[in-house]
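Beneath this line is the structure, given in structure tokens, with notes to follow.
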Amino acid sequence: QVQLVESGGGLVQAGGSLRLSCAASGRTFSQYAMGWFRQPPGKEREFVAAISRTGGTTYYTNSVKGRFTISRDNAKNTLYLQMNMLEPEDTAVYYCAADSSVLPRVVAGSYDYWGQGTQVTVSS
């Protein structure tokens, strides 16, 4: 079992920045590829970014490339999502998730454990 707790969400104006954190406990954090997903109001959950176990491989959805950066600190059992140049379209509940595969994946159904989510609201 892996327990995941997100933090760092909030209300920010368009063009601003936020950094999300995801603290992991339970089984060894470094044994999991990790991902960030989001669910905008009235829409389905969608992939945002993912990172391999060592952090050497990352994937991003096109709409956040160049604005968001996923990273991890295995010594601190923590996953991060640095979000810059935020847009109103980034408004969503953001979730972190853990995947027992070696490489990160983009499909939500591939992930084994999920956090409870943190709200990000970007005002125009």
Side-chain angles (χ1 to χ4, degrees):
Q1 279 278 32
V2 176
Q3 291 78 44
L4 303 171
V5 179
E6 302 95 337
S7 61
L11 173 64
V12 64
Q13 288 188 333
S17 298
L18 283 174
R19 187 175 83 154
L20 304 183
S21 298
C22 172
S25 61
R27 300 188 66 180
T28 306
F29 179 65
S30 60
Q31 293 180 348
Y32 293 87
M34 299 294 295
W36 286 100
F37 291 77
R38 66 187 180 187
Q39 188 164 14
K43 298 184 179 180
E44 295 186 353
R45 193 171 299 189
E46 61 186 26
F47 170 75
V48 176
I51 190 167
S52 62
R53 294 177 179 181
T54 63
T57 300
T58 56
Y59 300 143
Y60 296 91
T61 192
N62 285 340
S63 64
V64 308
K65 285 181 181 177
R67 301 189 298 122
F68 290 11
T69 303
I70 188 171
S71 62
R72 66 189 297 163
D73 186 336
N74 286 347
K76 294 183 178 180
N77 292 342
T78 304
L79 174 73
Y80 303 100
L81 185 67
Q82 178 66 45
M83 305 186 294
N84 299 328
M85 296 182 287
L86 282 161
E87 303 168 353
E89 293 73 23
D90 296 317
T91 294
V93 178
Y94 283 72
Y95 300 89
C96 66
D99 182 0
S100 58
S101 70
V102 175
L103 291 176
R105 295 187 281 191
V106 304
V107 177
S110 302
Y111 286 74
D112 303 299
Y113 302 102
W114 292 82
Q116 82 290 347
T118 186
Q119 177 70 46
V120 172
T121 303
V122 184
S123 62
S124 58

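Worth knowing before you read on, the calculation uses all heavy atoms, side chains too, and leaves out hydrogens, waters and symmetry mates.
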Rounded to the nearest 0.5 Å, how far apart are [atom1] of [X] and [atom2] of [Y]?
| X | Y | atom1 | atom2 | result |
| --- | --- | --- | --- | --- |
| Phe37 | Tyr111 | CZ | OH | 4.5 Å |
| Lys65 | Thr58 | NZ | OG1 | 9.5 Å |
| Met85 | Asp90 | CE | CG | 10.0 Å |

Worksheet item: Pairs in or reaching into residues 11-22: which pass side-chain hydrogen bond (donor to acceptor under 3.5 Å, both in side chains), with residues at least two apart or in two chains?
Response: Ser17-Asn84
Item to complete: Not counting sequence neighbours, list each pair that qualifies as a side-chain hydrogen bond (donor to acceptor under 3.5 Å, both in side chains) and has a residue in residues 47-56.
Response: none
Item to complete: Could you list the residues that satisfy ring pair (Phe, Tyr, Trp, His ring centres under 6.0 Å) with Tyr95, not counting sequence neighbours?
Response: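 Not a single residue meets the ring pair (Phe, Tyr, Trp, His ring centres under 6.0 Å) criterion with Tyr95.
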Taking side chain to side chain donor-acceptor pair (under 3.5 Å) as the definition, give me every residue that meets it alongside [X], ordered by chain and number, with sequence neighbours left out.
| X | answer |
| --- | --- |
| Lys43 | none |
| Gln119 | Thr121 |
| Ser123 | none |
| Glu46 | Arg38 |

Looking only at heavy atoms, which two atoms of [X] and [Y] are closest? And how far apart?
| X | Y | answer |
| --- | --- | --- |
| Gly9 | Thr118 | N-OG1, 3.3 Å |
| Asn74 | Ser30 | ND2-CB, 3.6 Å |
| Pro104 | Ala50 | CB-CB, 3.4 Å |

Practice prompt. Check whether any side-chain heavy atom of Asp99 sits under 4.5 Å from a side-chain heavy atom of Asp112, and report yes or no.
Written response: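 With C-beta onward as the side chain, the pair touches.
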Worksheet item: Within the side chain of Glu6, is there an N or O that forms a donor-acceptor pair under 3.5 Å with the backbone of Gln116?
Response: yes
Practice prompt. Run through the side-chain heavy atoms of Ile, Leu, Val, Met, Phe, Trp and Tyr, join any pair under 4.5 Å, and report what else lands in Ile70's cluster.
Written response: Val2, Leu4, Val12, Leu18, Leu20, Phe29, Tyr32, Met34, Trp36, Val48, Ile51, Tyr60, Val64, Phe68, Leu79, Leu81, Met83, Leu86, Tyr94, Tyr113, Val120, Val122
Worksheet item: Transitive ILVMFWY cluster of Leu11 at side-chain heavy atoms under 4.5 Å: who else is in it?
Response: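 Members other than Leu11 - counting any ILVMFWY side chain reachable under 4.5 Å - there are none.
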Worksheet entry | Sequence neighbours excluded - disulfide bond (SG atoms under 2.5 Å apart) pairs with any residue from residues 19-115 | Cys22-Cys96
Worksheet item: For residues 25-70, which residue pairs qualify under disulfide bond (SG atoms under 2.5 Å apart), counting only residues two or more places apart or in two chains?
Response: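 Listed once each, the pairs would be none.
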Worksheet item: Considering residues at least two apart in sequence or located in another chain, which fulfil the salt bridge (charged side-chain N to carboxylate O under 4.0 Å, His left out) criterion with Glu87?
Response: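 Salt bridge (charged side-chain N to carboxylate O under 4.0 Å, His left out) check on Glu87 returns Arg67.
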